[in-house]
Amino acid sequence: MSTEQKLITTPLTADFLRGHLEVEETAHGLLPHRLPAWARRQIPDDRLAVAEAQPSGVRLAFRTRATSIQLDTLPTKRVYLGFPPPPDGVYDLLVDGRLTAQATVKGGNLRTITDMQTQTAEFTEGPAGTAHFTGLPAGEKAIEIWLPHAEITEVIALRTDASVEPAPDNGRRVWMHHGSSISHGSNAVFPSTIWPALAASAGGVDLINLGFGGSALVDPFTARAMRDTFADLISVKIGINVVNTDAMRLRAFAPAVHGFLDTIREGHPTTPLLVVSPVLCPTHENTPGPLMPDFESGTLRFKATGDPAETAAGRLTLTIIRDVLADIVKERAADDPNLHYLNGFDLYGESDHAEFPLPDGLHPSPEGHRRIGENFAKRVFADNGPFTTTSPA
């Protein structure tokens, strides 16, 4: 009898998934979403529709004695017309919280971006594949398989050489975080090493990552989804996408932030809520958007195309955004003692940029992700931080 025939197939259900808001049953299997269906119907463009379906922070969690695991999935991979395809997304397998094995899945659907500005794309269907993990430690253990953070992933089948059961509640606090492409994981290589995952591990919490590449735009449906989702701790990191899409002027931005926070507070009136301003990004510190791709160096970088002189008329830069967010939190905190502010420079500032510059002028390197995660854990989960274990619930 072959090894393949000895494996046990376990039907996958939503009970095996963590870090999502909803699971869609597709013709192939289960597709985790990071926004609920009612919110997805309000999404105005493909950029966010794709981003929320990419399982950043989503993982399978189960207990087993298995030493061999196979996971069938159907990935949808993204390529840009005229550029080499990126490496296949990585599946990180953690045993009792420690990264132990990694795998990739060949094939899958292909989404070819034909215009970077409009995100116009062509879709080509492809085959499902299998992530193989072998030689795992013997004995009963907790397994997490973190799905590729930048590949839409339908999970189809789980096969193991021992029985499995969904992981029980581990008693950890749940941290729900909303942010931009940096929170989503852009330029990170592995799904368990995006900065929110690293911070969650250091803080001993369970992550729900609502980092949406290009789409942290103070959307009301995102606030309502957060309002309706259980969490012990909440953070919102906003500003960079508002600037680089040139989506708002100062007059609209400040009330939008107030409304976003009001909505979250409807469902979480006393939950520790942290507002985080943008990390250092020289491209947009004093220059408004919109942001444009720049290929002059032979590699993809980004440049701001706005006129700094127009800030007097209300156009936004990161410097202005930080001042606005700090003022909003200071004003609201007088009546909301569980509302906190963190300057993005405390996560990634000038000294961090000097050590780990932004490779494309916008997103941190893998080392930058690690630095942001470390700094967040030190400042937020520390004994005197807003998410300390002694924080009021």
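Throughout, numbering of the chain's residues begins at 1 and tracks the sequence.
Rounding to the nearest 0.5 angstrom, the gap separating the CG atom in L94 from the OG atom in S192 is 5.0 Å. Here the straight-line distance linking atom OG of S56 with atom CD1 of I194 works out to 3.5 Å at 0.5 Å rounding. Note that NE2 of H33 and CD1 of I152 are 8.5 Å apart. Values are rounded to the nearest 0.5 Å. Between atom CG of residue L362 and atom OG of residue S186 there is a gap of 8.0 Å, rounded to the nearest 0.5 Å. Here the OH-CG distance, from Y341 to L274, works out to 10.0 Å after rounding to the nearest 0.5 Å. With rounding to the nearest 0.5 Å, the separation of CZ in F260 from CD1 in I238 is 6.5 Å.
Here the closest heavy-atom approach between residue T287 and residue G306 is recorded as CG2-O, 3.4 Å. Across N241 and S180, no two heavy atoms sit closer than the pair OD1-CB, 3.2 Å. Here the shortest heavy-atom pairing between G108 and L74 reads CA-CD1, 4.0 Å. Among all heavy-atom pairs drawn from P386 and P272, the shortest one is O-CB, 3.8 Å. Closest approach of P166 and D15 over heavy atoms only: CB-O, 3.6 Å. Residues A162 and T64 approach most closely at O-OG1, 3.8 Å, considering heavy atoms.
When side chains are defined from C-beta on, F133 counts as touching I145, because their heavy atoms get closer than 4.5 Å. Considering only heavy atoms from C-beta on, T271 stays 4.5 Å or farther from I264 through its side chain. Counting only heavy atoms from C-beta outward, the side chains of F387 and D232 never approach each other to under 4.5 Å. At least one side-chain heavy atom of P32 sits under 4.5 Å from a side-chain heavy atom of L147. By the 4.5 Å heavy-atom criterion applied to side chains, L12 and L71 are counted as neighbours. Within the 4.5 Å cutoff, the side chain of L358 has heavy atoms near those of the P282 side chain. Between P288 and T311, the closest side-chain pair of non-hydrogen atoms falls below 4.5 Å. The shortest side-chain heavy-atom distance between W146 and F190 does not fall under the 4.5 Å cut-off.
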| message | As a quick check of understanding, evaluate side-chain contact (heavy atoms from CB on, under 4.5 Å) for F16 and V155, giving each step before the final call. | response | CA-CA 11 Å; F16 282 91; V155 293; over 6 Å; no
| said: Walk me through whether H149 and N209 qualify under side-chain contact (heavy atoms from CB on, under 4.5 Å). | reply: CA-CA 10 Å; H149 56 285; N209 185 23; over 6 Å; no
| field | CA sep, side-chain torsions, deciding dist, call: K77, D88, salt bridge (Lys or Arg N to Asp or Glu O under 4.0 Å) | value | CA-CA 8 Å; K77 302 177 180 182; D88 291 323; 2.7 Å; yes
| query | Going through the checks in order, is the side-chain contact (heavy atoms from CB on, under 4.5 Å) test met by D352 and N375? | reply | CA-CA 10 Å; D352 305 299; N375 285 339; 4.0 Å; yes
| task | Decide yes or no on side-chain contact (heavy atoms from CB on, under 4.5 Å) for R265 and N338, but give the supporting numbers first. | result | CA-CA 11 Å; R265 277 298 187 225; N338 294 314; 3.8 Å; yes
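Of the possible polar contacts, one joining the D45 side chain to the L48 backbone as a donor-acceptor pair under 3.5 Å is found. Looking at S277, its side chain never comes within 3.5 Å of a backbone N or O of R322 through a donor-acceptor pair. H363 contributes no side-chain N or O that, together with a main-chain N or O of N187, makes up a donor-acceptor pair within less than 3.5 Å. At least one donor-acceptor pair closer than 3.5 Å links the side chain of E22 to the backbone N or O of A37. A donor-acceptor pair under 3.5 Å is formed between the side chain of T388 and the backbone N or O of D383. Not one N or O on the side chain of H184 forms a donor-acceptor pair closer than 3.5 Å with the backbone of Q54. Here the side chain of R379 pairs no donor or acceptor atom with the backbone of A377 at under 3.5 angstrom. At distances below 3.5 Å, not a single donor-acceptor pair connects side-chain atoms of R59 with backbone N or O atoms of L93. Side-chain N or O atoms of T120 include none that pairs as donor or acceptor with a backbone N or O of T114 at under 3.5 Å. Checked by atom type and distance alone, the side chain of H20 never pairs as donor or acceptor with a backbone atom of P55 at under 3.5 Å.
Side chains of T193 and H369: a donor-acceptor N/O pair is absent below 3.5 angstrom, by distance only. For T153 and E151, the side-chain atoms include no donor-acceptor pair closer than 3.5 Å. A side-chain donor from one of S183 and H177 sits under 3.5 Å from a side-chain acceptor of the other. Between the side chains of T317 and N286, no donor-acceptor pair is found at a separation under 3.5 Å.
Every salt bridge (charged side-chain N to carboxylate O under 4.0 Å, His left out) that E310 has, sequence neighbours left out, goes to R315. Every residue meeting the side-chain hydrogen bond (donor to acceptor under 3.5 Å, both in side chains) condition with T130, not counting sequence neighbours, appears here in chain and number order: D72.
Annotation for E125: atom CD does not count as buried by contact number, only 12 or fewer foreign heavy atoms lying within 6.0 Å. Within a 6.0 Å radius of CZ in R111, other residues, nucleotides and ligands contribute more than 12 heavy atoms. Residue R63 qualifies as enclosed at atom CZ: its count of foreign heavy atoms under 6.0 Å is above 12.
A continuous path of ILVMFWY side-chain contacts below 4.5 Å connects L136 to V164, so both sit in one hydrophobic cluster. By the rule that hydrophobic residues join a cluster once side-chain heavy atoms approach within less than 4.5 Å of another member, I8 and I69 end up as members of separate clusters. When hydrophobic clusters are built by joining Ile, Leu, Val, Met, Phe, Trp and Tyr residues whose side-chain heavy atoms come closer than 4.5 Å, directly or via intermediates, I320 is grouped together with V329. Linking ILVMFWY residues whenever their side-chain heavy atoms come closer than 4.5 Å, directly or via other members, places V236 and V174 in the same cluster. Linking Ile, Leu, Val, Met, Phe, Trp and Tyr residues whenever their side-chain heavy atoms come within less than 4.5 Å leaves L198 and V279 in two separate clusters.
A salt bridge between R18 and D206 is absent, with no side-chain N of the basic residue lying under 4.0 Å from a carboxylate O of the acidic one. Using a 4.0 Å cut-off between charged nitrogen and carboxylate oxygen, D262 and R332 count as a salt-bridge pair.
Note: W175 and F381 meet the aromatic proximity criterion, with ring centroids under 6.0 Å apart.
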